[in-house]
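One structure below.
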Amino acid sequence: LEKQSSGVNVTSLPILVTSVTLDGLAQLSNQRLFFFFFLCAYLFMLCSDSLVVYVICSQRSLHRPMFVFVTAVLMNSVAGSTVFYPKLLVDLLRGVRSVQVTLRVCMCEAWLLYSLGTSSFLLLAAMSFDRYVSICRPLLYTVVMSPATVLALLLLCWLLPVGLVGTAVLLASRLPLCRSQLSRIYCDIYSLVSLSCGGRETLLSEVYNLSVIVATVLLPAIFVLFSYSAVLSVCLRRSRSFSSKALSTCLPHLLVFCNYSVSSGVEVLHRRLQAGSQPTASVLTSIFQVMIPTVFNPVVYGLKVTEIRAQLRRLLGCQRAD
């Protein structure tokens, strides 16, 4: 019951919250069907990602910067899926409609998922830089994309999101909370901030979260578009054979980039436009944001990257070695 005390609604006052209730499972009508669906998706992702990573690591001809970044993206996919799928599968198998997790575990899950997600955007930006130098500045490629540069880019793509997202989680953890129930299947920073009572601290957290999105998603996306625009400009001035070969190396990365962008964009737009009025749609979009890239990426890299496809066919016995 809502009571009034000195003109203040007591339901808007902070409460001591030590756990969060995730009731998104209640929006999945047939949980056994969803269990087998997500189990197949998880197993497919593990097998396909592992196969592509194995091929890249085992073939010395693929030990090049572009494939290093491909491996990093797929490793991010495996790590993020392992944070998400096993817990979801256990909950679906149990047939529960809501799950209670401690606030600390919820914060940790949000930190891991957001760090890995934003890291993938930065890795795609690093790939676009690699393609730009290779096609637009070929004489400088071996100097610019040296092993030291590749290592530095990898560390930047992994450590920068860890620090920025970690700070966002720290700010969210210090907010006074007025609610403890989320219509979600997994924890995320935006939802945790939405549980707060409002005020200056909440505004600071929201502004910081927006700056993190700009730094780790928007700016890398702009850089990717700029890099591939420059590549396209060069290809239009060169021969058809050169253009065909150059663009074929860029197409898989563009497809993966579009996949990440569309998945994340739909989730963000749904949050802003629906504002939680349709919990079923909110749960499904949050699931697909994690599931679609993890399933789609190994298929793109395995089928669209010529060198990887050739090695996969040889490994699987579809053709004889040259």
Legend entry - Geometric class of the Phe121/Tyr260 ring pair [parallel <30°, tilted 30-60°, perpendicular >60°]: tilted

Legend entry - Ring geometry between Tyr301 and His253 (parallel below 30°, tilted from 30 to 60°, perpendicular above 60°): tilted

Could you tell me whether a side-chain N or O of [X] sits under 3.5 Å from a main-chain N or O of [Y], the two making a donor and an acceptor?
{"X": "Gln31", "Y": "Val96", "result": "yes"}
{"X": "Trp111", "Y": "Val162", "result": "yes"}
{"X": "Asp23", "Y": "Ala26", "result": "no"}
{"X": "Tyr42", "Y": "Phe84", "result": "no"}
{"X": "Ser81", "Y": "Val78", "result": "no"}
{"X": "Arg137", "Y": "Ser134", "result": "no"}
{"X": "Ser50", "Y": "Cys47", "result": "no"}
{"X": "Ser58", "Y": "Val55", "result": "yes"}

Going from [atom1] on [X] to [atom2] on [Y], what distance comes out if it is rounded to the nearest 0.5 angstrom?
{"X": "Met145", "Y": "Leu140", "atom1": "CE", "atom2": "CG", "result": "12.5 Å"}
{"X": "Leu219", "Y": "Leu122", "atom1": "CG", "atom2": "CG", "result": "9.5 Å"}
{"X": "Arg238", "Y": "Ile135", "atom1": "CZ", "atom2": "CD1", "result": "10.0 Å"}
{"X": "Lys245", "Y": "Thr249", "atom1": "NZ", "atom2": "OG1", "result": "9.0 Å"}
{"X": "Leu92", "Y": "Leu25", "atom1": "CG", "atom2": "CG", "result": "5.5 Å"}
{"X": "Ser227", "Y": "Leu232", "atom1": "OG", "atom2": "CG", "result": "12.5 Å"}

Determine the minimum heavy-atom distance between [X] and [Y], stating which atoms define it.
{"X": "Glu201", "Y": "Pro176", "result": "OE1-CD, 3.2 Å"}
{"X": "Pro293", "Y": "Pro298", "result": "O-CD, 4.4 Å"}
{"X": "Arg32", "Y": "Leu93", "result": "NH2-O, 3.8 Å"}
{"X": "Ser196", "Y": "Thr202", "result": "OG-OG1, 2.9 Å"}
{"X": "Asn209", "Y": "Ala168", "result": "OD1-CB, 3.2 Å"}
{"X": "Cys187", "Y": "Glu109", "result": "N-OE1, 3.0 Å"}

Any chain of hydrophobic side-chain contacts (each under 4.5 Å) joining [X] to [Y]?
{"X": "Leu170", "Y": "Tyr114", "result": "no"}
{"X": "Leu225", "Y": "Val133", "result": "yes"}
{"X": "Phe257", "Y": "Leu153", "result": "yes"}
{"X": "Leu103", "Y": "Val105", "result": "no"}
{"X": "Phe38", "Y": "Val290", "result": "yes"}

Inset, instruction - Could you please spell out the steps behind the side-chain contact (heavy atoms from CB on, under 4.5 Å) verdict for Met127 and Cys250? - result: CA-CA 9 Å; Met127 284 187 199; Cys250 298; over 6 Å; no

Would you mind reporting whether [Y] and [X] have side-chain heavy atoms less than 4.5 Å apart?
{"X": "Tyr85", "Y": "Thr294", "answer": "yes"}
{"X": "Tyr228", "Y": "Ser128", "answer": "yes"}
{"X": "Phe44", "Y": "Val299", "answer": "yes"}
{"X": "Leu74", "Y": "Asn297", "answer": "yes"}
{"X": "Ser115", "Y": "Trp158", "answer": "no"}
{"X": "Asp188", "Y": "Leu182", "answer": "no"}
{"X": "Arg184", "Y": "Val283", "answer": "no"}
{"X": "Ile185", "Y": "Leu22", "answer": "no"}

Legend entry - Row check, Phe129 ring normal vs Arg131 NZ/CZ: under 6.0 Å, within 45°: no

Looking only at side chains, do [X] and [Y] share a donor and an acceptor under 3.5 Å apart?
{"X": "Asn76", "Y": "Ser119", "result": "yes"}
{"X": "Ser194", "Y": "Ser191", "result": "no"}
{"X": "Arg240", "Y": "Ser244", "result": "no"}
{"X": "Gln100", "Y": "Ser19", "result": "yes"}

Inset, instruction - Show the numbers, then the answer: is there a side-chain contact (heavy atoms from CB on, under 4.5 Å) between Arg104 and Met107? - result: CA-CA 5 Å; Arg104 182 172 296 181; Met107 295 284 184; 5.8 Å; no

Inset, instruction - Could you give me the CA-CA distance, side-chain angles and deciding distance for Leu255 and Cys258, then say whether side-chain contact (heavy atoms from CB on, under 4.5 Å) is met? - result: CA-CA 5 Å; Leu255 290 175; Cys258 291; 5.8 Å; no

Legend entry - Derivation of the side-chain contact (heavy atoms from CB on, under 4.5 Å) call for Asn259 and Ile292: CA-CA 8 Å; Asn259 183 32; Ile292 292 178; 3.2 Å; yes

